[in-house]
Amino acid sequence: MDMNQYLSMFIDESNDHLQSLNESMMGLEANPEDLSIVQVIFRSAHTLKGMAATMGFEDLASLTHQMENVLDLVRNNKLRMQDFIFDTLFQSIDALESMVEDITGGGAGKADVTAIVSSLQAIVRGEVPSAGNASAEVTAAASGNASAAQVFLDEFQYSVLEQSLQEGHQVLYVDVAIRKDCQLKAVRAYMVFDLLERSGEVVKSFPSVQDIEQEKFDYGFSLYYITQKDASEIQKMILNLSEIEAVTAVALDQESLRQMGQDTAAATAEAPAPAPVQEAAPVAAGNASPAASLHPKEENGKAAPARAGGAPSPSRTIRVDIERLDVLMNLFSELLIDRVRLEQLASEVQNGDLTETVEHMGRVSGDLQNIVMKLRMVPVDTVFNRFPRMIRDLAKSLDKKVDLIITGADTELDRTVIDEIGDPLVHLLRNAVDHGIESIADRIAAGKPETGTVQLRAFHSGNHVFIEIEEDGKGIYPKNVLASAVKKGVITQEQASTMTDDEAYQLLFAPGFSTAEVISDVSGRGVGLDVVKSKISSLGGNVTIYSTPGKGTNFSVQLPLTLSIIAAMLVRLGSEKYAIPLSSIVETGIVKQSQIRTIHGNRMLEFRGSHIPLVSLSKIFSIPDYDESTEEETEIVVVRKGERLVALAVQDFIGQNEIVIKNLGKYLPEVQGISGATILGDGQVALIIDPNAFIK
Amino acid sequence: MAEDIKVIVFKLGTEEYGIEVEKVQTIERMMPITRVPKTYSFIKGVINLRGVVIPVIDLRGRFGIEEAEHTDQTRIIIVNVNEMEVGFIVDSANDVIDLNRDIIDVPPDVVGGIKAKYLDGVAKIGDDRLLIMLNLSEVLNKSEIVQLESLEG
């Protein structure tokens, strides 16, 4: 079977499950007694294991298998969660993440996880370090239940089996008897399991795998098994092992499985007492009467209400390949272009019916544009979801107590923005925990609760989305910032004396401010904040700081809703047309030749009390039929990058337009001063100017 | 026996060239080209091919042959090589032929002023027709262009 076509699906779903694992683990850590969360974790781990095994990623499958063993003990109340187990499970999730990443990158998902696996196995054996009482409890609990061989197929296992059947796999009920004179029956059993795991998956065995491993079973065991092979084949395979007395493998169908599921559910509901293995024998299943299986769902529901509660409700969404959305976007932008062209033609032709039709088409395509844009909207949650884990680890390593409160995770942004925003946010959050939140001792000394709070908020406002990171840490003292900026040579002493607090905060984003030396001197702000700022500006956004010394700091990031359609000013330079993103334009104007001065060989312009460079686009782009230096008056567009301004000389303003951004193709990935292209109403391509390129 | 391949035939000056048909996306008539500043002189700019922006190369310029005026025979051949979509401006393109791989010979060092490494081989068709098969990945190889530019500069 060609697995490649399933690979992307596998990766997507694995990432979903890893995310859910991470979230649930965090939830469990906050609420260690809640076994329904353990169920959710177990389910994710189990599905992951099944998928990995099907796809042939053995390392992934075996690690999840070990995790499952631990979780199985926990959910059956044989093991209590504690720090060591949490850490080990988190490590396992990290290892799984890196494996999946490897697979995403085309690797085989191999990783050396022996250390984690041996920790997990130690936990299963009850050897939990630094928790003497707990481990004693575990072994006691485990041995207490050990002799009770339970026929117990929980709702989840049942649904796994049912699903496997639907997907065309074989579901077998296998009964294995080992010869009475067998010396090491656990080893023999292990060999059977090992053999079976090679060509399928054991869903459930009675007694449990742990008990079998500890030789806590009589000379026989039974199991539910999913495979592609036939029952007789499996039977033959197992019989080939020595010291096996007898094997019966019975293929189950929907009907008999349902019957068994019902039996087991009913058994657990009515008589929690351990039922002997034989009662769930395939014979009973074979006799399943249609009447008895009429209401299996209700029966199951009653038997396991807690589990049902933990299951995530199926969402009514479908996955769409991003490339398809891009194609849709391309097609749509063509439509947009045609619409503009039609509008032009209609106004020339002056036909009432035509104008009306074109206007109607305009409205429809406007609605369509909204929908296409909405399709590309992704909740910021997809970025935020990794933060709780990150903050947890960071706080732990810094020996601080931090609560991360996320609000507005359902706020939506265009995929193009989502893809880019993760790194800057990681930076700001790390900053908040590392430098904003004080140590526990300092917080107590300052009369604050020992647990610091970091708020991560996202919300819509007008055509923008705001993401705010606010903590209740020590805040930033403007005078410290100024002092270190002066020391660092970013500003002079004179400048410092006239600066407002807001201006002082802005210095944190100044390049050259954030060096290790400065960080230790001041409140520790500024680790690469200039990088954060420039990244956000490149997205057409902005970041501002508000801080109350002693009370905390708020970083507010303003982002555009989308990057693929922007408002731009179209300008003409000779016969060529260019688009300048409106977000970076400060204003437009006209200057006289006499207003242009030359300072150190650079042409400068006085603009609102300061001198800004005047950049000749016609020279930089070698425009063949335009040169502003011959004109008496020149139109200029003043653009901004951060705090710096530059005037670009152009010939004419054409007007403001919504444009669809296209890249220049793979052959021309980067052209200096050009950030992309767009197609105008007449079908002509206009290049989009990247104002940042002119501001050094 | 090697298999037959289908080849699009186009002309630059008097020479005839061939590109395997599966690498050719479409052949277009000349259309408005938007100049892209600050790039190689043989990159004429970008075109709007049904909503997709595609860079266009003057193949004469790429091979260092003197550029010619565009006529109504001039065509833009859109190729797709290594996931790159590029248009080639050629003097004319009007033939598709079947070619047996066997008749493609190793190219001589220089053919019509073009370096041998741009060529996959030369096929002799009939008595007096020579078809020069292009090695598109080399033609589109930019690392070599950078070298060339720096030598010129």
Side-chain angles (χ1 to χ4, degrees), chain A residues 323 326-341 572-579 616-626 659-690 693-694, chain B residues 19 23-26 28-59 61-62 67 76-89 118 134 136-146 148-149 153:
Chain A
E323 274 174 26
D326 285 345
V327 172
L328 183 64
M329 189 76 188
N330 270 337
L331 289 173
F332 180 74
S333 55
E334 273 182 72
L335 195 63
L336 214 64
I337 291 157
D338 289 345
R339 183 187 106 194
V340 176
R341 181 88 186 112
R572 191 194 319 276
L573 287 152
S575 55
E576 300 183 356
K577 289 174 185 169
Y578 291 88
S616 167
L617 283 182
S618 61
K619 282 212 182 64
I620 286 181
F621 289 162
S622 328
I623 308 272
D625 46 7
Y626 173 69
I659 59 168
V660 181
I661 301 179
K662 312 229 166 204
N663 62 33
L664 289 175
K666 278 205 173 139
Y667 190 66
L668 284 179
E670 269 173 54
V671 178
Q672 214 190 341
I674 303 292
S675 63
T678 188
I679 296 170
L680 303 177
D682 56 4
Q684 202 187 331
V685 180
L687 300 176
I688 302 169
I689 289 175
D690 172 17
F694 303 110
Chain B
I19 301 177
K23 289 182 177 148
V24 176
Q25 223 171 358
T26 145
E28 300 285 326
R29 286 180 180 276
M30 203 57 200
M31 58 175 87
I33 298 177
T34 299
R35 190 182 66 95
V36 176
K38 298 184 128 321
T39 179
Y40 311 112
S41 60
F42 58 82
I43 298 180
K44 287 294 137 194
V46 289
I47 55 167
N48 163 20
L49 185 76
R50 291 180 277 281
V52 182
V53 175
I54 295 178
V56 176
I57 292 175
D58 190 316
L59 215 49
R62 180 69 183 88
E67 291 185 20
I76 301 177
I77 302 181
I78 311 287
V79 299
N80 195 331
V81 183
N82 306 333
E83 290 181 23
M84 285 188 293
E85 283 186 313
V86 176
F88 289 135
I89 301 178
Y118 297 144
L134 281 186
L136 289 182
S137 334
E138 272 309 321
V139 173
L140 294 177
N141 185 343
K142 273 183 289 182
S143 59
E144 172 257 354
I145 299 170
V146 174
L148 195 112
E149 294 281 309

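In what follows, chains are A, B, ... by sequence order, proteins preceding strands, each numbered from 1.
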### Message
So for A:L664, is it side chain, backbone, both, or neither that comes closer than 4.5 Å to the heavy atoms of chain B?
### Response
both
### Task
Under the side-chain contact (heavy atoms from CB on, under 4.5 Å) rule, what do B:T34 and A:K577 come out as? Steps first, then yes or no, please.
CA-CA 9 Å; B:T34 299; A:K577 289 174 185 169; over 6 Å; no
### Message
Tell me the closest heavy-atom pair linking B:R35 and A:L687, and the distance in Å.
### Response
O-CD1, 3.3 Å
## Note on the structure
For A:Y667 and B:I57 the tightest heavy-atom approach is CE2-CD1, 3.4 Å
### Query
Between B:V53 and A:K662, which heavy-atom pair has the shortest distance, and what is it?
CG2-CB, 3.9 Å
## Note on the structure
Looking only at B:V86, B:I54, B:V36, the option with the highest number of non-hydrogen pairs under 4.5 Å against chain A is B:V36
### Task
Pick whichever of B:I33, B:V52, B:I43 has the most heavy-atom pairs under 4.5 Å with chain A.
B:I43
### Message
Need one label for A:V685: side chain, backbone, both or neither, based on atoms under 4.5 Å from any heavy atom in chain B.
### Response
both
